[in-house]
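The structure appears below as structure tokens.
No experiment lies behind these values; they were computed from the predicted model shown.
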Amino acid sequence: MAIILVRAASPGLSDGAVGHHQVHGSLQGSSQLLKTRVPPRRWMLCSLRYACLGLQPGEEVGRTSAVYSSLAVNPAGEAVVSSEQKVYDVVLKQAALLKRQLRTPPVLDVRPQQLDMPRSGLKEAYARCGEICQEYAKTFYLEERRRAIWAIYVWCRRTDELVDGPNANYITPTALDRWEKRLEDLFAGRPYDMLDAALSDTISRFPIDIQPFRDMIEGMRSDLRKARYKNFDELYMYCYYVAGTVGLMSVPVMGIAPESKATTESVYSAALALGIANQLTNILRDVGEDARRGRVYLPQDELAQAGLSDEDIFYGVVTNRWRNFMKQQIKRARMFFEEAERGVTELSQASRWPVWASLLLYRQILDEIEANDYNNFTRRAYVGKGKKLLALPVAYGKSLLLPVSLRNSQT
């Protein structure tokens with residue numbers, strides 16, 4: 001995708017200031033450092049596919065701070081490939097793996113009966129995964145897919161609880177290194193316990209790659225060493241690590257509709273977008289809770305442009321500056337949800353309903369933040385049971401629609 005540079009006078013920044021911005025979309029190219037020098041002026045980078053995202057019709061580029069790009073500019077003034085491009089390289093790898101599996105049925109190196117299984121066996125392992133999932137989430141898949149999603153979900157929960165669970169204060173980088181070694185053994189068919197065994201069996205049945213799992217562990221390492229994010233480029237990479245990875249793990253299990261005309265890469269990109277959208281929503285919902293833990297998961301440069309600082313967040317008073325800042329953050333999260341919508345319809349019929357339900361329910365959290373007058377310091381945005389129940393038939397109706405790519409090809 002072509003990228004253009006646009007001169008812009010961003011609010012609150014001098015002409016010589018340099019920032020990092022990002023455009024959301026499917027971009028291809030090398031992930032190596034680009035040595036192109038950027039003139040000592042304020043520039044914004046815009047995708048030719050998305051133009052300058054965040055602009056209203058007729059609005060000038062210089063009047064917005066919500067512009068993103070596939071390139072970023074480092075403090076030395078050099079253009080570097082953005083986090084989105086690095087993540088898209090992973091998307092391409094996952095898509096290629098799935099396409100190979102669709103072309104030729106895989107000859108699996110690890111068969112379920114060859115796994116070094118706990119004595120209790122796979123049936124009990126999957127049953128335990130199901131019990132854990134029922135504590136946190138509902139699933140509606142057919143048996144094999146449901147069990148596979150259970151296994152992936154449980155591994156993700158266990159990984160997340162290493163840094164957010166009751167023993168989080170005792171977790172060290174060395175402990176995460178051990179967890180990653182355990183992951184490698186799991187992929188090699190050597191599970192440590194019954195929950196590992198369920199995921200090891202799932203991996204033998206679906207074309208699932210280890211990279212998104214490793215990247216999620218990297219996100220946990222980030223939580224141990226980092227409590228601030230300079231710009232959205234850094235925050236995007238964090239959101240990919242802790243949530244976008246789940247989408248990449250799940251697509252091989254969910255499957256793509258046989259009638260879909262969409263590219264495999266676009267379906268993976270949409271799954272990634274849903275993970276990013278969900279995590280951005282989590283961040284916006286939990287601003288006050290995170291602040292009480294000394295964490296600010298908001299782009300520091302955008303806070304500064306809005307005339308805000310960490311102290312304003314710790315103080316926790318809703319002002320007009322905060323409202324305007326939150327409007328831009330919510331707008332960006334919705335953009336990722338819109339990107340995700342285009343891919344949900346391309347999934348297999350059995351997978352669409354639960355994914356649509358997740359998307360609609362999570363997106364309503366943004367509506368609740370607005371309904372709370374952007375007070376996410378002391379009020380937690382919560383979607384009531386009634387609204388959740390109403391969303392389910394809507395999600396089911398959407399799941400019955402033909403894939404967007406097929407509808408477009410028929411018009």
Side-chain angles (χ1 to χ4, degrees), residues 21-26 44 46-47 49-59 61 63-70 82-84 87 229 231-233 235-240 242-244 246-247 266-267 269-287 297-299 302-303 305-306 318 322-346 352 355-376 379-384 387-388 390-391 394-395 398 401 404:
H21 299 280
Q22 171 178 19
V23 150
H24 181 66
S26 301
M44 289 183 178
C46 301
S47 161
R49 174 180 173 187
Y50 288 97
C52 292
L53 292 176
L55 289 177
Q56 300 294 336
E59 185 180 358
V61 171
R63 293 186 178 276
T64 179
S65 59
V67 178
Y68 325 100
S69 174
S70 68
S82 71
S83 293
E84 184 188 16
V87 172
Y229 294 84
N231 47 55
F232 185 69
D233 190 67
L235 185 61
Y236 178 92
M237 183 60 81
Y238 173 74
C239 291
Y240 160 69
V242 300
V246 181
S266 69
V267 177
S269 292
L272 168 66
L274 181 56
I276 300 292
N278 286 346
Q279 185 60 27
L280 289 175
T281 301
N282 282 339
I283 288 169
L284 299 180
R285 179 194 62 195
D286 298 339
V287 167
Y297 291 99
L298 297 167
E302 295 178 23
L303 281 170
Q305 290 167 18
V318 177
W322 179 253
R323 292 185 183 95
N324 292 332
F325 173 76
M326 283 302 303
K327 288 175 183 177
Q328 289 299 317
Q329 302 303 307
I330 290 173
K331 185 175 184 178
R332 175 159 52 204
R334 285 181 173 143
M335 180 189 75
F336 282 99
F337 278 121
E338 290 168 7
E339 174 75 7
E341 278 193 30
R342 291 191 283 272
V344 177
T345 63
E346 311 298 336
R352 291 178 206 160
V355 178
W356 268 118
S358 169
L359 188 156
L360 295 177
L361 291 172
Y362 241 85
R363 188 164 57 186
Q364 286 187 68
I365 294 174
L366 299 175
D367 301 335
E368 296 301 318
I369 294 173
E370 291 173 329
N372 290 342
D373 193 28
Y374 306 99
N375 181 5
N376 42 9
R379 297 183 65 183
R380 183 180 176 88
Y382 176 77
V383 180
K387 290 182 180 180
K388 288 180 179 179
L390 288 174
V394 174
K398 287 179 175 291
L401 298 175
V404 170

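Annotation: the span from L360 atom CG to L390 atom CG amounts to 11.5 Å, rounded to 0.5 Å. Between the CG atom in D233 and the OG atom in S83 there is a gap of 3.5 Å [rounded to 0.5 Å]. Distance check, rounded to the nearest 0.5 Å: SG of C239 to CG of N282 gives 9.0 Å. To the nearest 0.5 angstrom, Q305 atom CD is 6.0 Å from E302 atom CD. Distance check: I283 CD1 to L298 CG gives 7.0 Å after rounding to the nearest 0.5 Å. In this structure, CG on L366 lies 11.0 Å from CD on Q329, to the nearest 0.5 angstrom.
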Requested in this report: Decide yes or no on side-chain contact (heavy atoms from CB on, under 4.5 Å) for L274 and F336, but give the supporting numbers first.
Outcome: CA-CA 7 Å; L274 181 56; F336 282 99; over 6 Å; no
Report task. Start with the C-alpha gap between Q279 and Y238, add the side-chain angles, then the distance that decides, and say whether side-chain contact (heavy atoms from CB on, under 4.5 Å) holds. Result -> CA-CA 9 Å; Q279 185 60 27; Y238 173 74; 4.0 Å; yes
**Report entry** Pair M326-D373, side-chain contact (heavy atoms from CB on, under 4.5 Å): steps then yes or no
**Finding:** CA-CA 10 Å; M326 283 302 303; D373 193 28; over 6 Å; no
Query - Verdict with reasoning, W356 to T345, per side-chain contact (heavy atoms from CB on, under 4.5 Å) - result: CA-CA 9 Å; W356 268 118; T345 63; 3.9 Å; yes
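The minimum heavy-atom distance between A271 and G247, with the atom names listed, is CB-O, 3.8 Å. Here the closest heavy-atom approach between residue R285 and residue I369 is recorded as N-CD1, 3.9 Å. A243 and G275 make their closest contact through CB-O, 3.3 Å (heavy atoms, listed as atom of the first residue, atom of the second, distance). Here the closest heavy-atom approach between residue A381 and residue N372 is recorded as CA-ND2, 3.8 Å. Taking all atoms of both residues into account, the shortest heavy-atom contact from A357 to A395 is N-CB, 3.5 Å.
Contact of the Y297 side chain with the D286 side chain is not registered, since no non-hydrogen atoms from C-beta on lie closer than 4.5 Å.
Evaluated for a salt bridge (charged side-chain N to carboxylate O under 4.0 Å, His left out) with E370, the options K331, R334, R323, K327 yield exactly one hit, R334. With L280 as reference, F232 is the one residue of F232, Y362, Y236 to meet the side chain to side chain contact (heavy atoms under 4.5 Å, CB included) rule.
By the salt bridge (charged side-chain N to carboxylate O under 4.0 Å, His left out) test, E338 is found to be paired with no residue, residues two or more places apart in sequence or in another chain being considered. Listed by chain and residue number, nothing satisfies the salt bridge (charged side-chain N to carboxylate O under 4.0 Å, His left out) test with R379 (two or more places apart in sequence, or in another chain).
With hydrogens and angles ignored, the 3.5 Å screen pairs no side-chain donor or acceptor of R363 with any backbone N or O of A277. Judged by distance alone, with hydrogens and angles left aside, the side-chain atoms of N376 form no donor-acceptor pair with the main-chain N or O of V287 at under 3.5 Å.
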